[in-house]
There are 2 protein chains.
Amino acid sequence: MSDHEPTLNDIARLCGVSAMTVSRVLNDRPGVGQDTRERVLEAIRTAGYVPNLGARGLARSRTQVLGMVVPDLSTQYIAEIVRGAGEAAARHEYDLVLYTSTHGARAFERINALTRGVTDGLLIVLPPASQEFPAFLQRTGQRCVVIDHRGEARDVPAVTADNYSGAREAVDHLVSLGHRRIGFITGRMDTHASLERLRGYREGLLVHGLGVDETLVCGGDFLQPGGFQAARALLELPVAPTAIFASNDVMAFGAMEAVKDAGLRVPVDVSVIGFDDIPMASQVHPSLTTVRQPLYEMGAAAANLLITLLAGIAPSVNRLELGTQVVVRRSTAPPRQPVDLP
Amino acid sequence: MSDHEPTLNDIARLCGVSAMTVSRVLNDRPGVGQDTRERVLEAIRTAGYVPNLGARGLARSRTQVLGMVVPDLSTQYIAEIVRGAGEAAARHEYDLVLYTSTHGARAFERINALTRGVTDGLLIVLPPASQEFPAFLQRTGQRCVVIDHRGEARDVPAVTADNYSGAREAVDHLVSLGHRRIGFITGRMDTHASLERLRGYREGLLVHGLGVDETLVCGGDFLQPGGFQAARALLELPVAPTAIFASNDVMAFGAMEAVKDAGLRVPVDVSVIGFDDIPMASQVHPSLTTVRQPLYEMGAAAANLLITLLAGIAPSVNRLELGTQVVVRRSTAPPRQPVDLP
DNA sequence: CTGAAAGCGCTTACAG
DNA sequence: CTGAAAGCGCTTACAG
């Protein structure tokens, strides 16, 4: 046996047939006699032949591969989206490969250079911030769908959760329990989701006739230590809130720790609510009440939208905003004693 | 402008030069006049040309891409390894792409089919269990390095942490604090790492003249709820342990919650120690004492080893076992009162 | 400094 | 049912 990996031509030679015949067998296409087919299959097996995807993609002008660009792998948030996208892709005979994104001005060029010719289109989670994004898309003709966009132009296909309504519902939940003084921890304010959640928080309070006390709004960064710090600051306020709404679950975990660290209990002394509903939200103690973002469904919807685009079909809508839902668990409860507002 | 993405030949035509010249410019190779080079560069820019990686890989018979197969994205454990491998790859002009692995009997075939021709080699984290693995490697000639192997044949290149010594050190730490009754929560026992950690725990106790009480060994699965359950079982023992050693950090988090849930405190009433030192270990409260597994370095070492193999160089060793280290934080302390052993 | 030819490993479109 | 030819978009190896 030669040193190099066997190619389709090697198999053809081995069987005394043409490359076309091997190709037909490989792709389960008709036009091959039963006996020939079996002979070829056998040769493929014994030689350990595996088609070269680069060559196949080149010949077909399509790879049947979707690229997914993710900013960060260190949270379950991404994992759920990937699961959804991967399973949706598989249902349409596509495979999914992941690229971790770099940042900076040239991020998009790099993504493009890395994926051109080896993917048919891209799913971009939380795209690197860049004003050039729409221009980039037009220029490169790169097919892509954004998940959790940053507020890019409306002609960029995108899938998000309804962050505004989700935040409104979180406030509704806390108010219905009797809370009147609700602290808020923001996400990174360079994301559209953070802005929408803050807006939902503010308008939620107003709708219930509660004023917005800006000292109750604390800056966060979507990370656990940030949530801890912000919650601690909130708890040290002259009049501390009876409930804390964190812009994501990971910060809510930090907030719960800050509450315990201050010698208080969740939810007896302070209620905590998060946003996302990552798997761990149901695993911590007390389990976390949170706004469920349909991450799996978002990944699946984005993959389906991209596949539609790749098929050359103009989708009826290219911006999907999936509904959220408050998942009530053990970290929220009525306040210890009703708070009087000035 | 035509409908399809511009190709190298389009650029050549646009500039009135041969494809070779464009290729030289693209690859920063000499043999092109300064003025010609600039003209080509300009055409590339305005046309938004990006090379087709599939075609390039085919022509070069190498892709300069490393594939990494990961079992699961939902833990920070993987994220650190990916970071290390990605940065090491970049230092050698390789890019890294990720594939999420499926399981089952044909897992390796699928990986092979998915990556052949679009990657030069594979980094496989915690390979799908399969007896065929070594055979698979030989048959396909696939270049690969395993990270955190399952005990495959010794001729499979692999990188792991020294799990046995790490567990020994964890026991040393607890014993030096005065603990005599130490509970242990295992990982999934189909992994080599779990077996080694359990062995280290047992032998660590023996070395200190402490007997191994098998009722103190509780089965776990590397997941947080599993850690919680196991710890609860340990705490309900007639004579509960004063310290709990969990086979990974995530289970240690669950164990800490079980301790608090039982109305006890960490570390005053029960010490908890983990394994891995994922980023979150330093972020929880109390921060987690744990055995640091050099995940970033493991990823980097695996990438470097693979790149060496790809260069056709026989490495001096193809099995690396990286050192671990106990990182002492706030979750361990001397036991409340010395425990008498029978 | 520049280019024509051949080839990487497949598939499409056409013959027979 | 089967195959010879051409091409996908690049690069290598050779000329000039």
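Every chain is numbered from 1 and lettered A, B, ... according to where its sequence line falls, protein lines coming before strand lines.
Of the candidate nucleotides C:dA4, C:dG7, C:dT12, C:dT12 has the atom lying nearest to any side-chain atom of A:Met20. The side chain of A:Arg56 lies closest to C:dT11 when the candidates are D:dT12, C:dT11, D:dT11. The side chain of B:Leu58 approaches C:dG9 more closely than any other nucleotide in the set C:dG9, C:dC10, D:dT12. Checked against C:dG9, C:dG3, C:dC8, the side chain of B:Ser18 finds its nearest nucleotide in C:dG3.
Summarising the geometry of A:Val317 relative to A:Leu305, their closest heavy-atom pair is O-CD1, 4.1 Å, with the distance given to 0.1 Å.
Counted by atom type alone, A:Gln76 and A:Glu80 present zero donor-acceptor pairs between their side chains at under 3.5 Å. In the model, B:Glu87 has a side-chain atom that pairs as donor or acceptor with a side-chain atom of B:Tyr296 under 3.5 Å. Side-chain polar atoms of B:Asn9 and B:Thr7 form no donor-acceptor pair below 3.5 angstrom. Residues A:Arg60 and A:Asn27 have side chains that bring a donor and an acceptor to within less than 3.5 angstrom of each other. No donor-acceptor contact under 3.5 angstrom links the side chains of B:His192 and B:Asn163, judged on distance only.
Taking atom CZ of residue A:Arg60 and atom P of nucleotide D:dG9, one finds them 16 Å apart after rounding to whole Å. Separating the CG atom of A:Leu8 from the P atom of C:dT12 is a distance of 12 Å, rounded to the nearest angstrom. Distance, A:Glu5 CD to C:dC8 P: 15 Å, rounded to whole Å. In this structure, B:Ile11 places its CD1 atom 13 Å from C1' of D:dC10, rounding to the nearest Å. Between the CG atom of A:Leu53 and the C1' atom of D:dC8 there is a distance of 15 Å, given to the nearest Å.
Residue A:Arg319 places its CZ atom among more than 12 non-hydrogen atoms of other residues, nucleotides or ligands, all under 6.0 Å distant. Around CZ of B:Arg188, the count of heavy atoms belonging to other residues, nucleotides or ligands within 6.0 Å does not exceed 12.
Looking at heavy-atom distances under 4.0 Å, A:Arg62 makes no contact with the nucleic acid at all.
One finds no side-chain N or O of A:Asn9 lying less than 4.0 angstrom from the OP1 or OP2 phosphate oxygen of C:dC10. Applying the 4.0 Å criterion to OP1 and OP2 of C:dT11, one finds that A:Ser23 has a side-chain N or O inside that range. Proximity of B:Asn52 to the phosphate of D:dC8: no side-chain N or O atom is located under 4.0 Å from OP1 or OP2. Taking only side-chain nitrogens and oxygens, B:Arg29 comes nearer than 4.0 Å to OP1 or OP2 of D:dT12. Residue A:Thr21 places no side-chain N or O under 4.0 Å from the OP1 or OP2 atom of D:dC1. The phosphate of D:dG9 has neither OP1 nor OP2 within less than 4.0 Å of any side-chain N or O from B:Thr7.
For the pair A:Arg83/B:Thr100, no side-chain contact is recorded, criterion being any heavy-atom separation below 4.5 Å from C-beta on.
Where DNA chain C pairs in unbroken runs of 3 or more (Watson-Crick or G-U, both distances under 3.5 Å), the stems are C:1-3 with D:14-16, C:5-12 with D:5-12, C:14-16 with D:1-3.
Within residues 30-38 of chain A, the residues approached by DNA chain D to less than 4.0 Å at the level of any non-hydrogen atom are A:Gly31, A:Val32, A:Gly33, A:Thr36, in residue-number order.
Ranked by how close their nearest DNA chain D nucleotide is to the 5' end, B:Ala55 and B:Arg24 are led by B:Ala55.
Under the 4.0 Å criterion applied to side-chain N and carboxylate O atoms, B:Arg143 and B:Asp120 are not assigned as salt-bridge partners.
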